[in-house]
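See structure below.
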Amino acid sequence: KISYGDIAILVRKGEHGDEIEKILLENNIPVVFTNAGSIFASEEAENLLQFLEALRNFKDARLINKVLSSSLFYTSADDLLSLQKRMPEIQQYFQSLYELWKNKSILTMFRSFLDTKHFSQHKWLSATNSQVWPKDSCLAAHIASQLNGEKILTNYNHLCEILQFVAGKYLYTPDTLLDYYAKNIKNKAKAVDDDSQEDEELYDIRMFKQKNIIFMTTIHKSKGLEFPYVIVPHLPRIEPKKYEDLFHEGDKQQRSLMIKENEKYLELAQKEAFQETLRLLYVALTRAQYGCFVAYSKPGTLTAGKHLET
């Protein structure tokens, strides 16, 4: 029997995946689209790093204030001022979370942090606005109630699950795990190193399979991966005027820029765009172990036959 976790959907562009994800979710079909590059580049990744650093340095009120004003707490400026009087209690709580992380795991700690009804169980939160923080609300529910809260909460959970996976794989302590995480946050503007990228991709595939969720990504990101069943919603195609104005002229290694349309250079640019499409198509069609299902979409004016003959 085929389950959702056995299926991967491969698309060429992010907007294609966004449309498909929306349709599937509207029909209650579980799917997650990993199109946004590394999750280490998200705002939630930065906030989580600040939170973990504040746990390790729980005596540092400056770091704790950063966490309180982030999307983990949504504390207003007035509430933040009120909380300064309760800082020793907050520091003690952050210390207890760090001990839980050291003695159990980062995932156990973070789930405890999210599931705690902070307002009723931690007196220091009574200094904040009770209308913003209902007494019977846990942190997870509080985050989810904010604008884009469900997505933010999903990113936080996803990040902690990846870190849990990495900690188990490399037997990292909290300190070495935090160093690993900080390195990937620092490298977000660059290419994430191969090992961490592989860790993230392996975790994603395992998680979606275990949770019975369809895995959707771009064809480019699927290179080197393998799935039981693959769906390619439409064959990659070149539409009129969708090619790049960059091309290689003759045997030159560097690319040339076509400033003004020229029939010879136009043909070269179109041919290179078509060759790139063929490479992507090859990747898409060779990811499946048992079955690949392809939907053919209306082609552009550039046909395969013309260049296959040359």
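- Ser3 and Asp6 form a side-chain donor-acceptor contact under 3.5 Å, judged by distance and modelled atom types alone.
- Using a cut-off of 4.0 Å between Lys/Arg side-chain N and Asp/Glu carboxylate O, Glu99 and Lys102 are scored as salt-bridged.
- Remark: Gln289 CD is packed, more than 12 non-hydrogen atoms of other residues, nucleotides or ligands lying under 6.0 Å away.
- When all heavy atoms of Ala140 and Leu153 are compared, the pair lying nearest together is O-CD2, 3.7 Å.
- Using modelled atom types, no side-chain atom of Ser222 and backbone atom of Leu225 make a donor-acceptor pair closer than 3.5 Å.
- If you take CG on Asn57 and CD1 on Ile64, they are separated by 9.5 Å, rounding to the nearest 0.5 Å.
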- Query: Is there a side chain to side chain contact (heavy atoms under 4.5 Å, CB included) between Ile90 and Phe94 once you walk through the steps?
  - Reply: CA-CA 6 Å; Ile90 303 173; Phe94 274 51; 3.8 Å; yes

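- For Gln84, the CD atom sits in a packed shell: over 12 heavy atoms of surrounding residues, nucleotides or ligands are nearer than 6.0 Å.
- Between the Tyr181 side chain and the Phe40 main chain, no donor and acceptor come within less than 3.5 Å of each other.
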- Please assess Glu19 against Val11 for the test side chain to side chain contact (heavy atoms under 4.5 Å, CB included), listing each intermediate value before the final yes or no. CA-CA 11 Å; Glu19 294 168 3; Val11 296; over 6 Å; no

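- Residues Asn47 and Tyr156 have side chains that bring a donor and an acceptor to within less than 3.5 angstrom of each other.
- The OG1 atom of Thr75 sits 6.5 Å away from the CG atom of Leu80 when rounded to the nearest 0.5 Å.
- When every heavy atom of Val283 is checked against every heavy atom of Arg287, the shortest pair comes out as O-NE, 2.8 Å.
- Thr176 contributes no side-chain N or O that, together with a main-chain N or O of Tyr172, makes up a donor-acceptor pair within less than 3.5 Å.
- Between the CD atom in Gln50 and the CD1 atom in Ile185 there is a gap of 10.0 Å [rounded to 0.5 Å].
- A donor-acceptor pair under 3.5 Å links the side-chain atoms of Gln164 to the main chain of Leu107, judged by distance alone.
- Between Phe110 and Leu159 the shortest side-chain heavy-atom distance does not fall below 4.5 Å.
- Not a single donor-acceptor pair under 3.5 Å links the side chain of Arg56 to the backbone N or O of Leu52.
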